[in-house]
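Below is one structure; the comments refer to it alone.
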Amino acid sequence: MTRAKSHPPAIPNLLTGLVDPRLEGARCAGRSPLFDAELDGETAEARSARLAWARTECTRCPVQGLCRTAAHEQDHPLGMWGGKVHGLPGRPGRKDTPAA
């Protein structure tokens, strides 16, 4: 009687789980630091100029609407998503409060 060879279970590619296929073709692909909410050592003026540039890129992006949808699905989105910046330092996050 021969034994079947034992193979370890397949380990999922962890990076695959981080990629949203809806965002394929995004203008920010491969340049994500330029779309971050803030960068270490960056002045307020430099951040403002960088995010203005990023917003312009987003307005020309073919997946802008899907990107906004993906941002709304995140617990705490940070940086530029679909032309809107999330998580800027010194700005309170959006709080969903019931109407009074």
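The first residue of the sequence shown is numbered 1, and numbering continues consecutively from there.
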Distance from Gln64 atom CD to Thr69 atom OG1, nearest 0.5 Å?
10.5 Å
Can you measure from CG (Asp75) to CD (Glu73) and round to the nearest 0.5 angstrom?
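Those atoms lie 11.0 Å apart.
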Between Phe35 and Trp53, what is the ring plane arrangement, given parallel below 30°, perpendicular above 60°, and tilted in between?
tilted
Heavy-atom pair with the smallest gap, counting every atom of [X] and [Y]:
X: Ala71; Y: His86; value: CB-NE2, 4.1 Å
X: Val85; Y: Met80; value: N-SD, 3.9 Å
X: Cys58; Y: Gly82; value: CB-C, 4.1 Å
X: Ala46; Y: Thr43; value: N-OG1, 3.0 Å
X: Gly25; Y: Pro62; value: O-CG, 3.6 Å
X: Arg22; Y: Leu66; value: O-CD1, 3.5 Å

Closer than 3.5 angstrom, by distance alone: can the side chain of Thr56 be matched with the main-chain N or O of Ala52 as a donor-acceptor pair?
yes
Keeping Arg68 on the side-chain end and Lys84 on the backbone end, is there a donor-acceptor pair under 3.5 Å?
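Here the side-chain-to-backbone pair does not exist.
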For atom CD of Glu42, decide whether the heavy atoms of other residues, nucleotides or ligands shown that lie under 6.0 angstrom number more than 12.
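Counting other residues, nucleotides and ligands, CD of Glu42 exceeds 12 neighbours.
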Mind checking whether Leu39 and Leu51 sit in one hydrophobic cluster, side chains of I, L, V, M, F, W, Y counted as touching below 4.5 Å?
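Leu39 does not cluster with Leu51.
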Report yes or no: do Trp81 and Leu78 belong to one cluster of Ile/Leu/Val/Met/Phe/Trp/Tyr joined by side chain heavy-atom distances under 4.5 Å?
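Unlinked, Trp81 and Leu78 end up in two clusters.
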